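Following: one structure in structure tokens, then a few remarks.
Positions are given from 1, in the same order as the sequence printed here. Since the structure is predicted, the reported quantities are computational estimates derived from the model, not experimental observations. Any value given below was found using the heavy atoms of this structure, including those in side chains, with hydrogens, waters and symmetry copies removed.
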Amino acid sequence: MIAIVDYDAGNIKSVEKALQYIGEKPLVTRDTEKIRRADKIIVPGVGAFEDAMGKMNQYHLAEVLRETARQGTPMLGICLGLQLFFNRSDESEHDVEGLGLLPGEIVRFPEKEGYKIPHMGWNSIQFNPKSRLFQGIPKDSYVYFVHSYYLKAEKKEDVAATTNYIVEVHAAAEHENVFATQFHPEKSGEVGLQILKNFVSIS
């Protein structure tokens, strides 16, 4: 069973529909016992880091996600979900701690003439050919982004894909059973659907 974690963030429905389109029957839930029993866990989301971590703690989801990550359950964070997987974010006024599943921080794009923030639209990604998440994906494929903050992973080996927008952006991360994308695979056409299929097939 694939559990989609419901913590009152936006965009959960479109991830559910994309998984249904590829033949899966995901369960949208915040029930901690159901999440513990899931074969795979997806944490999508659009919204603010501090608010999201507040909901994660309110619903006792943070401790469950840390626990299931330690136990080896495959886990995918999407957009805000990716950001929550790391230690901290510039977006948080009170320096709220993230889930800390992987080491790194989320920083705001610097201002640059000719560039708009948020970064919104299609960008090509360069990915590690050994990445399990990107198997069968054509080189320099385009995916869809919407974000004002971006990942700076602490460990280079955790970076599965990069893109360039003002700066080099760590567009995806992968370490053992923990996977994350800053872009939206559910909004990235056939490439995105293949990425979701790859995640679903991970054992």
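Between R66 and E63, none of the side-chain N atoms (NZ, or NE/NH1/NH2) sits under 4.0 Å from a carboxylate O, so this pair counts as no salt bridge.
Checked against a 6.0 Å centroid threshold, the rings of F145 and H147 count as neighbours.
A donor-acceptor distance shorter than 3.5 angstrom exists from the side chain of Q135 to the backbone of P129, with no hydrogens or angles considered. Side chain of S188 to backbone of H184: a donor-acceptor contact under 3.5 angstrom is found. A donor-acceptor pair under 3.5 Å is absent between the side-chain atoms of N123 and the main chain of T163, judged by distance alone. For N198 (side chain) and L133 (main-chain N/O), a donor-acceptor pair under 3.5 Å exists by modelled atom type. Proximity of a side-chain donor or acceptor of T68 to a complementary backbone N or O of V64 within less than 3.5 Å is detected. Remark: the backbone N or O of D8 is paired with a side-chain donor or acceptor of D6 at under 3.5 angstrom.
Between the side chains of N128 and E174, no donor N or O sits under 3.5 Å from an acceptor N or O. In the model, Q182 has a side-chain atom that pairs as donor or acceptor with a side-chain atom of Q83 under 3.5 Å. Side-chain atoms of N11 and S14 form a donor-acceptor pair, as typed in the model, at a separation below 3.5 Å.
When the shell of 6.0 Å around CD of E190 is examined, it contains 12 or fewer heavy atoms from other residues, nucleotides or ligands. Within a 6.0 Å sphere centred on CD of Q126, other residues, nucleotides and ligands contribute more than 12 heavy atoms.
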Give the table of side-chain donor-acceptor pairs shorter than 3.5 Å for residues 101-114, with sequence neighbours excluded, one pair per line with atom names and distance.
from, atom 1, to, atom 2, distance (Å)
E105, OE1, R88, NH1, 2.9

Enumerate donor-acceptor pairs with a distance under 3.5 Å from any side-chain N or O in residues 34-52 to protein atoms, sequence neighbours excluded.
from, atom 1, to, atom 2, distance (Å)
R36, NE, E67, OE1, 3.4
R36, NE, E67, OE2, 2.9
R36, NH1, E33, OE2, 2.7
R36, NH2, E67, OE1, 3.2
D39, OD2, M1, N, 2.2
K40, NZ, V200, O, 3.1
K40, NZ, I202, O, 2.8
E50, OE1, S92, OG, 3.1
E50, OE1, E93, N, 2.9
E50, OE1, H94, N, 3.3
E50, OE2, H94, ND1, 2.5

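In this structure, the side chains of Q20 and P26 come closer than 4.5 Å at one or more pairs of heavy atoms. Using a 4.5 Å heavy-atom threshold, the side chains of V5 and L61 count as touching. Looking only at side-chain heavy atoms (C-beta outward), V15 and I4 come within less than 4.5 Å of each other.
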Would you sort out whether I195 and I137 count as a side-chain contact (heavy atoms from CB on, under 4.5 Å), showing the intermediate values? CA-CA 8 Å; I195 290 168; I137 303 295; 3.9 Å; yes
Do N87 and E97 pass the side-chain contact (heavy atoms from CB on, under 4.5 Å) test, and can you show the C-alpha distance, the side-chain angles, and the key distance before you say yes or no? CA-CA 6 Å; N87 301 112; E97 285 186 14; over 6 Å; no
Could you walk me through whether F86 and E154 satisfy the side-chain contact (heavy atoms from CB on, under 4.5 Å) test, starting with their C-alpha distance in whole Å, then the side-chain angles of each, then the deciding distance to 0.1 Å, before giving a yes or no? CA-CA 10 Å; F86 287 83; E154 191 175 299; over 6 Å; no
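Taking both residues in full, the closest heavy atoms of T29 and A3 are given as CG2-CB, 4.3 Å, listed atom of the first, atom of the second, then distance. Between G81 and Y7, the shortest heavy-atom contact is N-OH, 4.2 Å.
Clustering of Ile, Leu, Val, Met, Phe, Trp and Tyr by side-chain heavy atoms under 4.5 Å joins W122 with M120, Y142, Y144, V146.
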